[in-house]
Amino acid sequence: MESDASTSPRRRSTSCYSDSGDSSCSEPFSECGSDDLSFTPAAAAGIHRLLLSCASEASEDAISSLVAELERPSPSLDSLRRAAMELRLLAKHNPDNRVRIAAAGGVRPLVRLLSHADPLLQEHGVTALLNLSLCDENKAAIVEAGAIRPLVRALKSAASPAARENAACALLRLSQLDGASAAAIGRAGALPLLVSLLETGGARGKKDAATALYALCSGARENRQRAVEAGAVRPLLDLMADPESGMVDKAAYVLHSLLGSGDGRAAAVEEGGIPVLVEMVEVGTSRQKEIATLCLLQICEDNAVYRTMVAREGAIPPLVALSQSSARTKLKTKAESLVEMLRQPRSPSLRARPAAVVAAE
């Protein structure tokens, strides 16, 4: 069987794929990034006292007073910032406070802060909503308060990276409410923005974007097409081909969710995904071998041309080795099925489309 790694620029046969963490874990997605606050040294002492006070339960009267401050007709910017930050911290540190803030009517005024001209207020509003969404009981209230579109705008244009990343996390939380919410987030334009964050964000931003993409594409089938059209496949493959990114597993699981459509499979092949997936079967961790095998199965299942491309990339030997060495019956079966599929006679249609195959290889 033909195999020449040097002809595939994405192949790096000496790499060892390993995201941080336990490679035997079946779930590659940890919780979204936390609410991280940073302050100037001059403000640190006062903020430390505030953090200590917010770590405990707040009375209903105290929370109602803070919510009322946000709703006053003409509050000062400083008083708005103070009230929003305290609500943000109260929701960050104490689960009971999250319920109390929502019960006191705090969700809608926090949503309004997302449209405020002050960048710090935007960040406090976004992050307070993220912290409130940690309570499943609050998710419906946040969606009903009209938070989806303002959060998508914050993801697009908030001044601070923290606000954009926390907006991605908040949208992830809301997408978990139900399929309708996931679809609404997609229709509001979140997918291209998450793809952009995946391409250009920092380490935390990329991880948050991948987690949100996975949730949105798993929650609503229509979002998979949106993600493919937004160009998600290329940055996912770039992350999968770069073990130093620490994103191999996450990106592979997102890609797998996109391969359910013909356009997703075509994009993966066109963008050079076959060499990346074959290498993962060769040198990846146990979890990476499994998800790469599942991805290759999806690519090959209904397309003889793609099967020939995968076989030519040298997939059969590592798949045979996997079928013989894996302790997991399901994975052994999948690897054996893929080997059998790849050993089928090559399609005559391949000879009719040599240019397409050469271009893809």
Side-chain angles (χ1 to χ4, degrees), residues 34-40 42-171 173-174 188:
S34 63
D35 172 7
D36 295 321
L37 282 167
S38 59
F39 301 97
T40 63
I47 294 301
H48 180 67
R49 290 192 294 271
L50 181 58
L51 284 168
L52 290 176
S53 66
C54 288
S56 60
E57 290 186 11
S59 69
E60 293 180 3
D61 288 344
I63 289 174
S64 295
S65 177
L66 292 169
V67 172
E69 186 64 33
L70 295 183
E71 294 185 307
R72 281 205 301 131
S74 300
S76 69
L77 182 59
D78 285 344
S79 66
L80 275 177
R81 284 177 173 175
R82 176 80 179 189
M85 183 174 67
E86 289 196 37
L87 288 169
R88 167 183 178 173
L89 294 176
L90 287 167
K92 171 181 172 66
H93 288 288
N94 190 289
D96 291 332
N97 287 341
R98 296 169 192 150
V99 177
R100 292 191 180 96
I101 292 169
V107 172
R108 289 188 182 277
L110 287 170
V111 170
R112 287 196 291 271
L113 292 183
L114 273 55
S115 302
H116 200 283
D118 180 64
L120 188 54
L121 269 180
Q122 287 183 13
E123 181 178 331
H124 287 329
V126 166
T127 313
L129 289 170
L130 166 60
N131 293 340
L132 289 178
S133 72
L134 297 175
C135 173
D136 288 342
E137 298 173 29
N138 290 338
K139 291 177 182 176
I142 295 171
V143 171
E144 290 167 5
I148 288 177
R149 288 192 177 277
L151 283 170
V152 171
R153 287 197 298 269
L155 176 62
K156 179 179 181 179
S157 57
S160 73
R164 294 193 294 273
E165 291 165 357
N166 289 341
C169 287
L171 290 167
R173 295 285 180 183
L174 299 183

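All figures in this text were calculated on a predicted structure; none of them were measured in a lab.
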Where is the tightest heavy-atom contact between [X] and [Y], given as atom of each residue plus distance?
| X | Y | value |
| --- | --- | --- |
| Ala154 | Val126 | CB-CG2, 3.8 Å |
| Ala91 | Ala128 | CB-O, 4.4 Å |
| Glu69 | Leu80 | O-CD2, 4.0 Å |
| Ala167 | Leu151 | CB-O, 3.6 Å |
| Leu171 | Ile148 | CD2-O, 4.1 Å |
| Leu113 | Ala84 | CD1-CB, 3.7 Å |

Exercise for review: Answer yes or no: does atom CD of Glu71 have more than 12 heavy-atom neighbours from other residues, nucleotides or ligands under 6.0 Å?
Suggested key: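 Count over threshold, so yes.
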Exercise for review: Decide if atom CZ of Arg149 counts as having more than 12 heavy atoms of other residues, nucleotides or ligands within a radius under 6.0 Å.
Suggested key: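 Counting other residues, nucleotides and ligands, CZ of Arg149 stays at 12 neighbours or fewer.
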Value rounded to 0.5 Å, distance of [atom1] in [X] from [atom2] in [Y]:
| X | Y | atom1 | atom2 | answer |
| --- | --- | --- | --- | --- |
| Leu132 | Lys92 | CG | NZ | 13.0 Å |
| Ile101 | Ile63 | CD1 | CD1 | 5.0 Å |
| Gln122 | Asn166 | CD | CG | 12.5 Å |
| Lys139 | Leu134 | NZ | CG | 8.5 Å |
| Cys135 | Asp96 | SG | CG | 9.0 Å |
| Asn131 | Asn94 | CG | CG | 11.5 Å |

Review point. Does any N or O in the side chain of Arg164 come within less than 3.5 Å of the main-chain N or O of Ala158, such that one atom is a donor and the other an acceptor?
Key: yes
Review point. Under the 3.5 angstrom rule, does the side chain of Ser64 hit a backbone N or O of Asp61 as a donor-acceptor pair?
Key: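 No: the side chain of Ser64 does not pair with the backbone of Asp61.
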**Study point:** Check against side-chain contact (heavy atoms from CB on, under 4.5 Å), Arg153 and Ser115
**Key:** CA-CA 9 Å; Arg153 287 197 298 269; Ser115 302; 3.4 Å; yes
Any heavy-atom pair between the side chains of [Y] and [X] that's under 4.5 Å?
| X | Y | result |
| --- | --- | --- |
| Val107 | Asn138 | no |
| Glu123 | Arg88 | yes |
| Leu77 | His116 | yes |

Exercise for review: Can you sort out the partners of Arg81 under salt bridge (Lys or Arg N to Asp or Glu O under 4.0 Å), two or more places apart, ordered by chain and number?
Suggested key: Asp118
Exercise for review: Not counting sequence neighbours, which residues clear salt bridge (Lys or Arg N to Asp or Glu O under 4.0 Å) with Arg108? List them please.
Suggested key: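 Salt bridge (Lys or Arg N to Asp or Glu O under 4.0 Å) check on Arg108 returns nothing, list empty.
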**Study point:** Candidate list Ile142, Thr127, Val67, Leu70, test side-chain contact (heavy atoms from CB on, under 4.5 Å), partner Leu110, passing option
**Key:**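 Considering Ile142, Thr127, Val67, Leu70, a side-chain contact (heavy atoms from CB on, under 4.5 Å) with Leu110 is found only for Leu70.
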